[in-house]
Amino acid sequence: MVTWSTSDIAWNVQAADCGSRFSLFIKLKMKMKIHGFILFLLFCEFHGQPYPDELKNSKQILNASEDSDKELSTIKIGLILDSKSWVGKVVLSCITMAISDFYMLNGQYKTRIALETRDLSGEPLHSVAAAFDLLENAEAHAIIIPEMSSEELFLPALCDKANVPLLSVSSISSFNVHPYFLQLAQDETTQFNGVAALLGAFKWRTVVFIYEDTADTRQILSHLHNTFRDNDVDTVHDIGITLRATDDEIIKKLHNLRTRRTSIIIVHASVYLASQIFKNAKMLEMMSGNFAWIVTSKTMNLLDFQDSAVFETIQGVVGLKSYIPSSSKLRDFTLRWRKEFQLSQIDLEIRGLNVFGIWAYDAIWALAEAIERASLDIFPNRGEGFGLNLTGLAPIRVSNIGSALLSKIQSIKFTGLGGEFQLQNAKLVHETYEIVNVIGNLGKRVGFWKPACGLTKEIYPFTNSCSSNSLENIIWPGFSKTAPKGWLVQVNGKSFKIGIPANSRFHELVGSHNDEQTNETTISGFCADVFRTAIERLHSNIVYEFIPFYNHNGSYSDLVYQVYLQTFDAAVGDITITSNRSQYVDFTLPYTELGVGMVARVDNKDPWFFLKPLSVDLWIMSAGFFILTGFIVWFIEHPTNEEFQGSVAWQIGTIVWFAASSLVYAHREKLRSNLSRFVVGAWFFIVLILTSSYTANLSSFLTVERIRLTKNDYIGYPANSGVKGLIVNNLNFQDNRLKSYKTPEEYDQALREGSKNGGVDAIIDEIPYLKLFLAVYPHDYTMIDSSETTNGFGFAFPKGSPLVQEMSSEIAKLREEGILLEIEKKWFRSQTSPLSLDTEPPTTKTLDINNFSHLFLIYAICELVALLLFLVFVLREKMSIKNYIIRKLAGGKLLSIFRYLFPRMANTVGGINAR
């Protein structure tokens with residue numbers, strides 16, 4: 001025991017005049033006595049030893065400090081811990097060493113920390129009473145607490161009232177705003193983004209979250225769900241387990257978990273509860289290659305200090321652990337800590353230094369530095385009480401130095417044992433986690449996660465950079481090197497339950513037949529056949545059964561929701577893919593055509609309907625060219641062809657008949673002139689183009705004539721479907737002009753009646769339904785329009801099911817190989833949509849003269865050329881006859897007469913004869 005008297009102090013003061021060196025020696029000696037005395041008090045407090053009678057009064061300590069050195073000021077700091085826990089023991093030893101190390105390095109500082117320790121002795125409820133005692137009786141200026149539980153959540157509010165900073169080295173954060181609460185440890189909520197990144201790396205989209213059922217953990221559930229939702233991860237079930245849960249209770253909850261088929265499980269619990277969970281999970285054979293277990297830092301930060309029995313149950317588990325960068329300072333401190341801790345705890349096995357001790361060490365350094373910077377005087381150390389009275393306790397005095405101390409702590413930056421120490425928003429800036437894979441009796445580091453880099457193999461603190469976004473190879477439960485798929489297709493040999501609509505509007509899509517003799521239900525239809533074909537092509541031998549589900553309101557959303565509730569493992573049928581349903585389930589690729597179409601009745605009662613394909617001007621132009629062609633042919637053939645000769649009436653009839661018969665290539669007149677043949681050949685080409693265009697356009701009018709709907713017309717739509725919204729939003733039809741129908745027979749009856757007789761003029765529905773309707777009524781109705789405003793039919797699976805990708809791949813192969821088309825022909829009776837869905841539906845337009853203007857111009861040029869050539873030939877022939885007559889006359893008796901009357905002509909004739 002170290003003691004001293006007033007005479008010793010006086011002697012030391014007088015001896016200061018003997019020389020500077022001797023004086024310095026005396027001062028150091030007195031400071032060492034004071035530090036030894038403080039450590040002695042801590043030792044007595046920690047072990048529950050009685051204080052020496054002469055030192056029971058704390059004023060003696062202060063007086064002794066004053067007498068020894070008038071310049072030193074002692075600041076009392078409260079420490080609330082549980083000496084029975086390993087964390088409490090480590091934190092107390094690290095804080096004690098931190099005080100000693102700090103003032104040994106900074107001996108010139110004028111302030112000193114005096115630690116006031118309150119031991120909870122395994123009773124967290126005593127923390128409130130300990131805090132009241134520290135604030136009122138010990139007059140502590142700050143309080144440190146290493147562990148935060150639901151019982152300690154009241155402490156931040158209490159310290160706020162007293163203006164006393166509360167320093168927590170626990171990862172548990174307070175979600176309420178407390179200005180005097182400082183979290184000098186890594187916030188555990190930051191790791192949930194890392195967990196989401198790990199899930200995304202393996203494309204796991206559904207998880208089960210097992211948590212320790214405490215008040216602080218329940219507070220973070222909403223934060224966790226929001227984080228996972230932002231990363232496209234769905235938590236299908238939350239399972240809360242208390243610390244007092246028995247093995248039977250844990251087994252029951254784990255057994256219920258298996259029925260949900262999700263094999264990705266996240267555990268957020270203390271190391272004790274986590275070890276109980278994994279022990280029972282191993283008994284249920286859930287530590288196999290089909291499962292992936294991810295634990296948070298709440299477990300991993302203390303896992304290294306567990307015995308080998310715990311490690312045997314968690315082989316293959318992957319977890320996030322708070323990352324403490326390696327340094328020479330940390331290694332030296334760890335060696336010293338082991339030696340000192342072993343001396344103070346002789347009968348206790350040393351398990352190792354944990355992160356809470358490191359954070360506590362850095363917290364003391366930050367607090368001591370803040371106290372010195374504030375340059376505070378210890379007297380007076382309290383203000384007037386503000387009148388707070390809880391449960392009959394005396395009013396708590398308010399610290400007049402708490403705000404200044406709080407401000408200094410938040411501004412401090414230094415490099416400590418845990419790395420860079422810096423506070424932001426009253427929390428330690430430390431977001432890096434290491435990814436650990438438990439193999440054997442140790443954890444193998446496979447990578448890191450930090451917000452700036454994501455998942456990475458290595459990080460480089462000096463350059464603040466990372467390596468590639470990947471992890472090292474992980475050994476999963478069951479010593480499997482292949483990552484689990486995240487979904488259990490078969491559970492305990494049970495068959496795969498497929499929900500299928502029992503009341504589909506079209507039995508060709510989904511139909512069921514119950515055999516009364518065998519009481520077996522047979523499922524048939526296009527949708528069922530596509531599902532059977534696709535699932536049989538998978539490599540997995542999946543045993544499944546169809547279970548009819550009756551939709552009471554006619555909508556399939558109830559069936560989809562049953563898949564979300566995991567009542568069914570999948571849903572098959574004419575289920576339209578919608579954005580709302582996709583929030584609860586995952587859909588495969590659509591296996592039907594996309595969009596909606598419009599069906600109308602084929603009704604052509606106009607007696608002049610056959611004239612619609614061509615416009616009036618085109619009809620007149622065509623008739624004119626018919627007559628013109630007949631006339632030109634007659635004009636060329638008339639001089640030499642007897643069939644084009646005769647009376648005027650006969651010749652006119654020949655012209656008209658020839659023109660009309662050329663339309664069907666049935667003219668009986670033989671052509672002798674090559675010019676007329678040229679004209680007729682060109683005309684036949686024109687006739688061919690005209691007749692082909694007319695026929696095609698007439699067919700288009702007969703099959704896909706567009707109906708001009710007005711706002712006064714009624715439109716039909718399927719009941720209990722989303723098509724009504726499409727009609728109102730896209731076609732601008734009013735709700736009071738819409739009528740709903742349920743069956744194809746009702747469609748037929750409504751279209752036959754029409755809007756004027758209480759029916760409708762058109763039916764709008766999804767294309768697969770309309771194709772089946774047209775297959776039943778192929779000659780009475782036609783599809784006149786289509787629009788890709790829906791996403792087709794798809795198979796629904798729970799979120800994260802690996803079958804979604806596999807089935808989508810098989811559906812794509814079925815479409816490429818033509819098998820899907822063959823199944824469609826089987827059930828749709830080879831009826832296909834008359835409109836191509838790849839482009840916009842064509843509109844039927846009357847052909848006018850502009851469509852053939854160039855064709856008629858070319859033909860007119862051909863006729864003109866033929867006519868000109870004919871005239872040239874005629875004139876040449878006429879000239880040849882005239883010259884022949886003149887030559888005959890030149891050799892006769894009238895030659896002299898011609899010479900007399902026409903001297904020039906006679907000379908010409910004579911010249912010709914001479915030649």
Side-chain angles (χ1 to χ4, degrees), residues 87 170-172 186-202 204 207-214 216-217 220-221 224 227-228 233 235 237-241 243 245 250 253-254 257 262-282 284 286-288 291-323 354-356 432-449 455 471 474-478 480 483-484 486:
V87 173
S170 171
S171 296
I172 299 175
Q186 192 172 28
D187 187 357
E188 67 179 3
T189 59
T190 60
Q191 67 185 314
F192 295 140
N193 281 307
V195 175
L198 187 61
L199 297 172
F202 294 97
W204 294 325
V207 297
V208 172
F209 184 66
I210 300 179
Y211 64 95
E212 187 173 328
D213 194 2
T214 58
D216 57 90
T217 307
I220 69 172
L221 284 179
L224 177 138
T227 302
F228 282 5
V233 176
T235 306
H237 193 49
D238 296 326
I239 301 177
I241 302 177
L243 277 172
I250 295 175
K253 292 188 176 184
L254 291 177
L257 185 153
T262 301
S263 62
I264 310 302
I265 306 171
I266 300 174
V267 179
H268 183 71
S270 62
V271 66
Y272 170 76
L273 180 58
S275 63
Q276 297 300 109
I277 293 173
F278 287 117
K279 179 186 70 174
N280 291 285
K282 187 174 183 180
L284 295 176
M286 297 177 66
M287 300 302 295
S288 63
F291 290 85
W293 294 81
I294 301 175
V295 296
T296 62
S297 60
K298 193 179 185 72
T299 300
M300 294 301 297
N301 282 344
L302 295 174
L303 186 63
D304 293 340
F305 314 121
Q306 306 305 310
D307 53 29
S308 58
V310 174
F311 279 91
E312 290 179 0
T313 61
I314 60 174
Q315 295 298 299
V317 171
V318 178
L320 278 75
K321 181 179 179 181
S322 299
Y323 173 61
N354 56 47
V355 294
F356 302 104
T432 304
Y433 289 87
E434 54 180 321
I435 312 297
V436 178
N437 184 202
V438 179
I439 300 296
N441 289 338
L442 50 85
K444 173 190 173 185
R445 180 193 295 167
V446 295
F448 298 88
W449 178 85
L455 296 176
L471 299 175
I474 297 176
I475 305 298
W476 300 99
S480 172

**Asked** Shortest non-hydrogen contact from Glu434 to Tyr323?
**Response** N-CB, 4.1 Å
**Prompt:** Of all residues at least two apart in sequence or in a different chain, which pass the ring pair (Phe, Tyr, Trp, His ring centres under 6.0 Å) check with Trp293?
**Reply:** Phe278
**Gap separating the NE2 atom of His268 from the OG1 atom of Thr214, nearest 0.5 angstrom** = 7.5 Å
**Message:** Is it the case that the side chain of Gln315 and the backbone of Gly440 share a donor-acceptor pair, with hydrogens and angles ignored and the cut-off at 3.5 Å?
**Reply:** yes
**Message:** Between Ile250 and Gln276, is there a side-chain heavy-atom distance shorter than 4.5 Å?
**Reply:** yes
**Message:** For Gln186, is there any backbone N or O sitting under 3.5 Å from a side-chain donor or acceptor partner on Ser171?
**Reply:** yes
**Asked** Taking it one step at a time, do Glu212 and Ile241 satisfy side chain to side chain contact (heavy atoms under 4.5 Å, CB included)?
**Response** CA-CA 5 Å; Glu212 187 173 328; Ile241 302 177; over 6 Å; no
**Message:** How long is the straight-line distance from CZ of Phe209 back to CG of Leu224, given to the nearest 0.5 Å?
**Reply:** 4.5 Å
**Prompt:** Within the side chain of Asn437, is there an N or O that forms a donor-acceptor pair under 3.5 Å with the backbone of Val317?
**Reply:** yes
**Prompt:** Looking only at heavy atoms, what is the nearest atom pair of Ser275 and Val310, with distance?
**Reply:** CB-CG1, 3.9 Å
**Asked** Between Trp449 and Tyr433, how do the two ring planes meet: parallel, tilted or perpendicular, split at 30° and 60°?
**Response** tilted
**Asked** Tell me, do Ser263 and Trp204 make a side-chain contact under 4.5 Å, heavy atoms counted?
**Response** no
**Message:** If you apply the rule side chain to side chain contact (heavy atoms under 4.5 Å, CB included), what do you find for Phe311 with Leu303, and how did you get there?
**Reply:** CA-CA 9 Å; Phe311 279 91; Leu303 186 63; 4.2 Å; yes
**Message:** Within the structure provided, determine whether Lys298 and Ile172 are in side-chain contact (heavy-atom separation under 4.5 Å).
**Reply:** yes
**Complete:** Rounding to 0.5 Å, atoms CE (Met287) and CG (Asn280) come to a distance of 11.5 Å
**Prompt:** Can you tell me how far the CD1 atom of Ile239 sits from the CG atom of Leu254, to the nearest 0.5 Å?
**Reply:** 7.0 Å
**Request:** Please check if any side-chain donor atom of Asn441 sits under 3.5 Å from a side-chain acceptor atom of Ser308, or the reverse.
**Result:** no
**Minimum-distance pair of heavy atoms, taken over all atoms of Ile474 and Leu471** = CD1-CD1, 4.3 Å
**Request:** Starting at CG of Leu302, measure out to NZ of Lys321 and round the result to the nearest 0.5 Å.
**Result:** 9.5 Å
**Item:** Which atom of Phe192 lies closest to which atom of Phe228, heavy atoms considered
**Value:** O-CE1, 3.6 Å
**Request:** Return the minimal non-hydrogen interatomic distance between Ser322 and Asn301, and the atom names on each side.
**Result:** N-OD1, 3.0 Å
**Item:** Distance (rounded to the nearest 0.5 Å) between Thr432 OG1 and Phe448 CZ
**Value:** 8.5 Å
**Complete:** Heavy atoms of Ala269 and Thr299 approach each other most closely as O-OG1, 2.5 Å
**Prompt:** Does the side chain of Leu199 come within less than 4.5 Å of Ile266's, by heavy atoms?
**Reply:** yes
**Asked** So, the side chain of Ser297 versus the backbone of Leu320: is there a donor-acceptor pair under 3.5 Å, distance only?
**Response** no
**Request:** Check the pair Ile435, Val318 against side chain to side chain contact (heavy atoms under 4.5 Å, CB included), reporting the backbone distance first and the verdict last.
**Result:** CA-CA 7 Å; Ile435 312 297; Val318 178; 3.7 Å; yes
**Item:** Criterion side chain to side chain contact (heavy atoms under 4.5 Å, CB included) on Ile220 and Glu188, from CA distance to verdict
**Value:** CA-CA 10 Å; Ile220 69 172; Glu188 67 179 3; 4.2 Å; yes
